[in-house]
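Below, all heavy atoms of this structure are taken into account, side chains as well, without hydrogens, waters or symmetry copies. Keep in mind that this is a model prediction, so the values were computed, not measured. Residue numbers count from 1 along this sequence.
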Amino acid sequence: MIDALVPRAEDFDEISALLALAFAGDLDPELLEVDRAVFEPERCLLVRDGGTAVAHAGAYTRELTVPGAAVPAAHVTMVGVAPTHRRRGLLTGLMRRQLREVRDAGREPVAVLWASEGRIYPRFGYGLAAQRLTLSCDTTELRLPEPASAEGTLRLDRPAAHQAELARLYDRVRADRPGWSSRDERWWAYVLADIKARRGGATERRVLLHEGPAGLDGYALYRTKEEWGPGGPRGEVRVAEVVAANPDAYLALWRLLLSIDLTRRLSFGRAAVDEPLLWLVNEPRQLGAHLDDALWVRLVDVPAALAARRYATDVDVVVEVTDELLPENTGRWRLVGGPAGAECTATSAPAGLACDVRALGELYLGGAGLGALAAAGRIRELVPGTVAAAGPALGWHRAPAPMEVF
C-alpha cells in the first residue's frame with residue numbers, strides 16, 4: 001500500500017492548491033468556500049514529500065441512480081499529482097488503496113468518476129458507462145412543434161429562492177434516470193452556488209420554472225452572455241440543467257430557452273445521448289451535437305452491484321469475471337433477475353460469458369450494448385446465443401445521463 005495519510009479538514013486549502021497546480025487552474029477564494037462545504041477529509045488520501053502535499057485522491061458519499069434503483073456509490077474526485085512527482089507510481093498507489101478501502105468498508109458496491117483523460121482509469125477497472133452530448137447551435141435555424149395544450153405557465157427567478165422545490169422535483173425525476181446522483185442540502189447549495197469565477201463572462205444563473213396543473217413539473221438552470229456583431233445581437237444562452245417530469249414541461253422549457261431575446265446561439269454541455277430535443281427540433285443536425293465521455297463506473301463488489309440494479313427483461317446468465325485489483329471479484333457469478341429484482345451468487349456452473357471487471361462497469365448503467373462490447377472483443381461469448389439472450393435484459397428504457405461534474 002502507498003504511504004498516504006488521511007488529511008484533516010484544515011488541509012483543504014493546501015490540497016486545493018495542489019489540484020490547481022495539477023489541473024493548470026487558479027485558486028479563487030469564493031470557489032474555495034463552495035468546494036470546502038462538500039469536502040470529506042475522512043474519505044481522502046494525501047501523500048506528502050518533505051511536508052509538502054504532492055498527491056491526493058478523494059471521494060464523496062452519495063447515491064447513484066442505476067437501472068431501476070439507487071445504490072450507494074463512492075463518487076471519486078479531487079485526484080491529482082504534482083507535476084514534480086509524476087511517473088513515480090503515486091496515482092497508481094492512491095487508486096489501488098482507495099479501491100481496497102471502499103471494498104473493505106462494504107458500504108458501496110460501485111465507484112464512479114469523471115475522467116480528465118479517458119486512458120487513465122481503465123487500468124483500475126473503470127469502464128465508460130455513460131456518454132454525453134455537447135450541443136452548440138445557432139437558434140435562428142431551429143423550430144419546435146407547437147404545444148399540444150395551453151396548460152402550464154413559465155416564470156423566471158433566482159435559483160436559491162426555490163432550492164426546496166427544485167430538490168423535490170429533481171428527486172422525483174432522478175428515480176428513473178440512471179447516472180444522476182443524490183443531492184442533500186450541502187450538494188444543492190453547491191450546485192446552486194453562483195460565483196463569478198464560474199460565469200465565464202455571462203450573467204448570473206437564472207432558473208426557469210414550469211408550473212403545470214399539479215404544480216412545479218419542470219425547471220431549467222441557465223445563463224446568458226451578451227454579444228453584438230455587425231448585424232446586431234448575437235448573444236448566447238448557456239444551459240446547465242433541464243429537469244422535466246413530463247413532455248409538456250420539457251417542450252415549454254426548451255421553447256423559451258431557444259427563443260430568448262437578443263440571443264442567437266445556445267450551448268448545453270451535458271445533454272443525454274437520448275435527449276428528447278433531438279426528436280423535437282425541425283433540423284437536428286443544427287444542434288451541433290458532439291459525443292463525449294461522461295461517467296466511468298467501477299464495480300467494487302461484483303455480486304452486490306449486479307444484484308442492486310434491475311433488468312429490463314428476465315435474465316439468467318453465468319459470467320466469468322477477472323479482476324486483478326480486487327481478487328474477491330474474480331470467479332464465476334450467476335445473475336438471475338428481471339424488472340422486479342435480482343440476485344447474484346458464486347457458482348461452479350459453466351459460464352456463458354467472460355469479461356474483466358471493466359466491461360461490467362461499461363454495462364452497469366444500461367448505456368453500453370452487450371452486443372457492441374462482444375463485437376469489440378471486450379466480452380467473450382463462451383456459449384453461442386448468450387449475447388442475444390442476455391443483451392436486452394442488460395439495457396434500459398432510458399440511456400444513462402450525466403447531470404453534473406463532481
Q.
For Leu266, is there any backbone N or O sitting under 3.5 Å from a side-chain donor or acceptor partner on Glu236?
A. no
Q. Ion pair present between Asp3 and Arg88, side-chain N to carboxylate O less than 4.0 angstrom?
A. no
(Q) Between Arg97 and Ala4 (side chain of the first, backbone of the second, donor and acceptor by atom type, cut-off under 3.5 Å), is there such a pair? (A) yes
Q. Between Tyr250 and Val242, is there a donor-acceptor pair closer than 3.5 Å when you use the side chain of the first and the backbone of the second?
A. no
(Q) Test: salt bridge (Lys or Arg N to Asp or Glu O under 4.0 Å). Region: residues 67-77. Which pairs qualify, not counting sequence neighbours? (A) none
Q. Can you check side chain to side chain contact (heavy atoms under 4.5 Å, CB included) on Val38 and His75, steps first, answer last?
A. CA-CA 12 Å; Val38 294; His75 284 56; over 6 Å; no
(Q) Just to verify, what does Phe12 make a ring-ring contact (aromatic ring centres under 6.0 Å, His included) with, not counting sequence neighbours? (A) Phe39
Q: Could you tell me which residues satisfy side chain to side chain donor-acceptor pair (under 3.5 Å) with Thr322, sequence neighbours excluded, listed by chain and number?
A: none
**Q.** Selection residues 366-396 - residue pairs positive for ring pair (Phe, Tyr, Trp, His ring centres under 6.0 Å), sequence neighbours left out
**A.** none
Q) Can you list the residues that meet the ring-ring contact (aromatic ring centres under 6.0 Å, His included) rule with Trp187, with sequence neighbours excluded? A) Tyr60, Tyr190
Q: Considering non-hydrogen atoms only, spot the tightest contact between Leu326 and Val300 and give its length.
A: CD1-O, 3.6 Å
**Q.** ring-ring contact (aromatic ring centres under 6.0 Å, His included) involving Phe268 - partner list, sequence neighbours excluded
**A.** Trp254
Q.
Would you compute the distance between atom CD of Gln98 and atom CZ of Phe124 and round it to the nearest 0.5 angstrom?
A. 10.5 Å
Q) Arg177: what forms a salt bridge (Lys or Arg N to Asp or Glu O under 4.0 Å) with it, not counting sequence neighbours? A) Asp274
Pair up each side-chain donor or acceptor in residues 108-115 with any protein partner under 3.5 Å, not counting sequence neighbours, and list the distances.
| residue | atom | partner | partner atom | Å |
| --- | --- | --- | --- | --- |
| Glu108 | OE1 | Arg43 | NH1 | 3.3 |
| Glu108 | OE1 | Arg43 | NH2 | 2.7 |
| Glu108 | OE2 | Arg43 | NH1 | 2.7 |
| Trp114 | NE1 | Glu404 | O | 3.0 |

**Q.** side chain to side chain contact (heavy atoms under 4.5 Å, CB included) partners for Glu42, two or more places apart
**A.** Glu40
Q) What pairs with His210 under ring-ring contact (aromatic ring centres under 6.0 Å, His included), at least two apart in sequence or on another chain? A) none
Q. What pairs of residues pass the side-chain hydrogen bond (donor to acceptor under 3.5 Å, both in side chains) test when at least one of them lies in residues 371-382, not counting sequence neighbours?
A. Glu362-Arg378
Q. Under the side-chain hydrogen bond (donor to acceptor under 3.5 Å, both in side chains) rule, what pairs show up with a residue in residues 333-354, not counting sequence neighbours?
A. Asp316-Arg334
